[in-house]
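Predicted, not measured: the structure shown is a model, and the values here were computed from it. Throughout, a chain's letter reflects where its sequence line sits, starting with A, and its residues are numbered from 1.
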Number of protein chains: 2
Amino acid sequence: MQAELHNLDGQRLHESIVLRFHALIQQGILKHGAKLPAERVLAEQLKVGRGSVREAIRTLELQGLVVSKHGSGTFINTQSLDAMTTLMTSALGPGGSETQLRDIFEVRHLLEPQLAALAAQRATPADVERLSSILVEQRRQIMEGETGVDADTKFHYALATATHNAALIKVVSAVEDVLRQSRDQSLQQPGRAERSLASHRQILEMVSNRDHHGAREAMEHHLTAVEPSSVFVE
Amino acid sequence: MQAELHNLDGQRLHESIVLRFHALIQQGILKHGAKLPAERVLAEQLKVGRGSVREAIRTLELQGLVVSKHGSGTFINTQSLDAMTTLMTSALGPGGSETQLRDIFEVRHLLEPQLAALAAQRATPADVERLSSILVEQRRQIMEGETGVDADTKFHYALATATHNAALIKVVSAVEDVLRQSRDQSLQQPGRAERSLASHRQILEMVSNRDHHGAREAMEHHLTAVEPSSVFVE
DNA sequence: AAACTTAAAGTGGTCAGACCACTTTTTAAG
DNA sequence: CTTAAAAAGTGGTCTGACCACTTTAAGTTT
């Protein structure tokens, strides 16, 4: 609701230094391999403290645009992948990297149906048991008037666990984490919580039946049912 | 209570501070919204200078893990997408075993074909142009005897960019980053680099033709051709 | 008692100078 | 010329101070 990172006037000093270097690099004035002036010299030239110069260099280094070598100097490095992406996004606009909610939902649409299919192929009886008990909890929460958002999140996490793929589990849990608040809001709409529970049951049934095709479709249906529909149509 | 800030080979002080906070956040000791001690206090607790603390905080802020507010304090912020990707790569990086590599390839199989389809639907002429120039670079690298791993990584990243989905871009870049070394090893096998270039061209053709179905299949084929398990297939 | 105003404390942002650790260059010795 | 030692250059860190902004507490007014 509230804008966060549009602090035009409240710009920190080292940040403006970073932007200055971005410009110098994009204009080709600083080329790959070029050596930057020493921090002390840079500080004097820019008329700032050395600490600010260092914090700016730290930022540039994290962006992959520069490499500092103890004892020898700091060098431009525009051939790294990080450097490429940084310059691209820097040229694209001043706005920070805030991600839209529908972008995340799109990732879920790409990921979770496939994930459900994988889970259907690999879920152990213990996994099915865990998923089942989570649905019991979700049912209880809903009957007590809650949204069941905790159980909802747990279900998706448990489903990821059922794939027995560590990388997948981490990706999904991270994505789910970001979604938690907005999900709670979504589930407060009348009938939404019950519908979520119903489609969860459908997914679980497919998984326990080892029907990976059905699980994929059930998850796709679930996401469509839960996502903040009719918000913005592009 | 007072653990040692062990200084490994060539590790800068502020970097070890960053790693320390990564651990604290991943262990759940520092939760979203928590307020960090003041920089002066932190410096005294860690027995380092305030400048080092500030450079560490600058890094954490760039990684999206904390937010500093002038006059009020510095706060943990793990609900941003940046935070999620950095924690992901931080967890995936050091403990990298072979098992995790296979898991990551599986994630790519789930993600990238869909991603290619999306890119085919949304790629702008500028995106196509960028992809094309990357392939030129890859061809040049291969002809010079290199593996072309840089161009290879750039291609997948640029493809993610063509979806114009910030969340997707970040997830993919996190996954690709981990894959880089193993990819280089994979591409050193005879004929593998050329085949990678060929399938990249096929993907680009599908994308430029807006053929999302073809792009999906081409990417699936590409991944199967490049992934380590296919060593025995040829 | 409540609302407003003002002063103080807390905290991030910046600056200055100093010293250390490492690297490169210069100088001196063989 | 080769080699070793000294010097210079540079990033890394520490200390202490002051500024700018925010929050809190104290004091005043209503």
Side-chain angles (χ1 to χ4, degrees), chain A residues 2-21 24 30 32-77 80 96, chain B residues 2-21 24 30 32-77 80 83:
Chain A
Q2 61 280 56
E4 305 169 351
L5 29 86
H6 295 85
N7 293 349
L8 294 183
D9 33 352
Q11 174 122 285
R12 285 122 109 195
L13 188 49
H14 63 262
E15 289 177 349
S16 58
I17 298 177
V18 168
L19 292 183
R20 184 176 301 212
F21 274 97
L24 289 177
L30 291 178
H32 179 80
K35 181 177 178 180
L36 263 54
E39 294 179 352
R40 296 163 178 81
V41 178
L42 223 38
E44 190 182 3
Q45 286 181 353
L46 299 174
K47 291 169 184 169
V48 299
R50 195 184 157 201
S52 296
V53 170
R54 280 188 60 78
E55 292 193 23
I57 289 181
R58 202 61 47 234
T59 298
L60 291 171
E61 191 172 36
L62 241 72
Q63 292 175 336
L65 291 169
V66 126
V67 176
S68 286
K69 292 181 181 176
H70 191 179
S72 50
T74 302
F75 306 86
I76 299 287
N77 175 18
S80 76
Chain B
Q2 188 72 11
E4 73 294 342
L5 270 178
H6 52 304
N7 235 346
L8 292 165
D9 32 6
Q11 175 103 293
R12 287 122 112 195
L13 190 48
H14 63 262
E15 289 176 349
S16 56
I17 297 177
V18 168
L19 292 182
R20 187 177 192 78
F21 274 97
L24 289 177
L30 291 177
H32 180 80
K35 181 177 179 180
L36 262 55
E39 294 178 353
R40 295 162 178 82
V41 178
L42 223 39
E44 190 183 3
Q45 285 181 354
L46 299 175
K47 292 171 183 168
V48 299
R50 194 183 157 200
S52 296
V53 170
R54 279 188 61 79
E55 291 194 23
I57 289 180
R58 201 84 311 110
T59 298
L60 291 171
E61 191 172 36
L62 238 69
Q63 293 175 336
L65 290 170
V66 303
V67 176
S68 287
K69 293 181 179 175
H70 190 178
S72 50
T74 302
F75 305 86
I76 299 287
N77 175 18
S80 77

Side-chain donor-acceptor contacts of residues 67-76 of chain B below 3.5 Å, not counting sequence neighbours, with atom names and distances?
unit_1, atom_1, unit_2, atom_2, d
B/S68, OG, B/T74, OG1, 3.0
B/S72, OG, B/K69, O, 3.3

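Residues B/L62 and A/R58 are not in side-chain contact: their nearest non-hydrogen atoms beyond the backbone lie 4.5 Å or more apart. Within the 4.5 Å cutoff, no side-chain heavy atoms of A/R54 are placed close to those of A/I57.
Atoms CD and OG1, on B/E55 and A/T59 in that order, are 9.5 Å from each other to the nearest 0.5 Å. One finds the NE2 atom of A/H14 at 10.5 Å from the CG atom of A/L60 (value rounded to the nearest 0.5 Å).
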(Q) For nucleotides 12-18 of chain C, give me one character per nucleotide, 5' to 3': B if any protein heavy atom sits under 4.0 Å from the base, S if the only such contacts are to the sugar-phosphate, - if neither. (A) BBBS--B

